[in-house]
Protein chains: 2
Amino acid sequence: METRIDRIKKQLHAASYKLTPQREATVRILLDHEEDHLSAEDVYLLVKDIAPEIGLATVYRTLELLTELKIVDKINFGDGVSRYDLRQEGAAHFHHHLVCLECGAVDEIQEDLLEDVENIVEKRWNFQIKDHRLTFHGICWRCNDSSSQNPSE
Amino acid sequence: METRIDRIKKQLHAASYKLTPQREATVRILLDHEEDHLSAEDVYLLVKDIAPEIGLATVYRTLELLTELKIVDKINFGDGVSRYDLRQEGAAHFHHHLVCLECGAVDEIQEDLLEDVENIVEKRWNFQIKDHRLTFHGICWRCNDSSSQNPSE
DNA sequence: TCTCTCTTTATAACGATTATAATTAAAGGG
DNA sequence: CCCTTTAATTATAATCGTTATAAAGAGAGA
């Protein structure tokens, strides 16, 4: 069976890049933390555990490369740092985020939800959409009324 | 007739801040460039024309203050800088943006468009929405087919 | 093995933003 | 009006995230 790493390796080769040990270690960390929204520094600290000799600049360059190949998406929630988020395999569009103002949690919405809005924007503003960023800021289900349920995520 | 500045002054007073000459100059620049999406540095350079003695730190502090009072919105388009955007008076929500990947233009969408999406998110994810950020990246009407029309903005 | 190219490392540089200390301005009370 | 207190500003240094640089290393092909 072909693993996710193998497929990423092929994507790199297709763009004539190699999957070096450092790049592989970085990708593994991203795969192991798919739920999280790690900053470059976060990734660096985690990668050091499995590849202690790696440098911070290499992590930055690798994340930049993966962003360019659309394997990860770079996103910014308004704190001073960029965060990196693995794109779902085969996903046409970037997923959305819910940022809790109370506890800081970041949840993901994989559903598209924007189809209608995008149709309107493309037609009415004659704008050819290539990508989007949608983030809601508010109070998450955990911080809302404690009797509330964990919603269908 | 009460001017926009007067109303902003009242908002400041209501939060027990003063509209100092430096703050007033900064607000004037923002009002004069409502169409643009100025960075702090941009604002600083423009303010210096009408208040040459102002310091960069004061501009940063003023913008931070205005953001806190929800008079302006701080936004980040992925280049390294924060930009500041006057909120429409009485607008419940922050407006959306169209960023052109070709020419870099940033157009605004004042229409809400997200009502349905927000209803779904609030119910299905039990998330109490306070604010949002929606940005589309793509090709603007100017860079699209040149026979195209300036859309209804 | 030699050479060429890509990649990495370590470190310096950079740019945006924030913190600090000293100064100034304004506000309220006697 | 002066005195005191507090808020705001200035100039500058410090900080932090990120990017650039130069030297070293690793791998592929001749």
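Residue numbers begin at 1 in each chain, while the letters A, B, ... track the order of the sequences.
- Both Gly55(A) and Val81(B) lie near DNA chain C, and the one whose nearest nucleotide falls closer to the 5' end is Gly55(A).
- Annotation: Glu115(B), atom CD; neighbour count of heavy atoms from other residues, nucleotides and ligands within 6.0 Å does not exceed 12.
- Across all non-hydrogen atoms, the minimal contact from Gly138(B) to Lys130(A) is CA-CG, 3.7 Å.
- An OP1 or OP2 oxygen of dT7(C) is reached within less than 4.0 angstrom by a side-chain nitrogen or oxygen of Arg23(A).
- Under the 4.0 Å criterion applied to side-chain N and carboxylate O atoms, Lys70(A) and Asp131(A) are not assigned as salt-bridge partners.
- Ser82(A) comes within contact range of the sugar-phosphate backbone alone, with a heavy-atom separation under 4.0 Å but no base atom that close.
- When rounded to the nearest whole Å, the span between OH of Tyr60(A) and C1' of dT9(C) equals 16 Å.
- Distance, Arg61(A) CZ to dT11(C) C1': 13 Å, rounded to whole Å.
- Considering only side-chain atoms of Ala57(A), the nucleotide from dT11(C), dT7(C), dT18(C) that sits closest is dT11(C).
- Under the 30°/60° scheme for interplanar angles, the aromatic rings of His37(B) and Phe77(B) are found to stand perpendicular.
- No contact: Glu64(A) has no heavy atom under 4.0 Å from any strand.
- Nearest heavy atom pair, residue Ala25(B) against residue Val47(B), reads CB-CG1, 4.0 Å.
- Rounding to whole angstrom units, CG of residue Asn76(A) and C1' of dT17(C) are separated by 14 Å.
- Atom P of nucleotide dT17(C) and atom CG of Asp79(A) are separated by 13 Å, given to the nearest angstrom.
- Within 4.0 Å of Thr58(A), counting heavy atoms only, lies at least one base atom of the nucleic acid.
- The NZ atom of Lys74(B) sits 7 Å away from the P atom of dT17(C) (whole-angstrom rounding).
- In terms of position on DNA chain C, the residue among Lys18(B) and Glu41(B) whose nearest nucleotide sits closer to the 5' end is Glu41(B).
- Extent of DNA chain D lying under 4.0 Å from chain A heavy atoms, first and last nucleotide in 5' to 3' order, is dG17(D) to dA20(D).
- If you take NE2 of His13(A) and C1' of dC6(C), they are 13 Å apart, rounded to a whole angstrom.
- Taking the six-membered ring for Trp and thresholds of 30 and 60 degrees, Phe136(A) and His132(B) have ring planes more than 60 degrees apart, a perpendicular arrangement.
- There is no side-chain donor-acceptor pair under 3.5 Å between Asp42(A) and His33(A).
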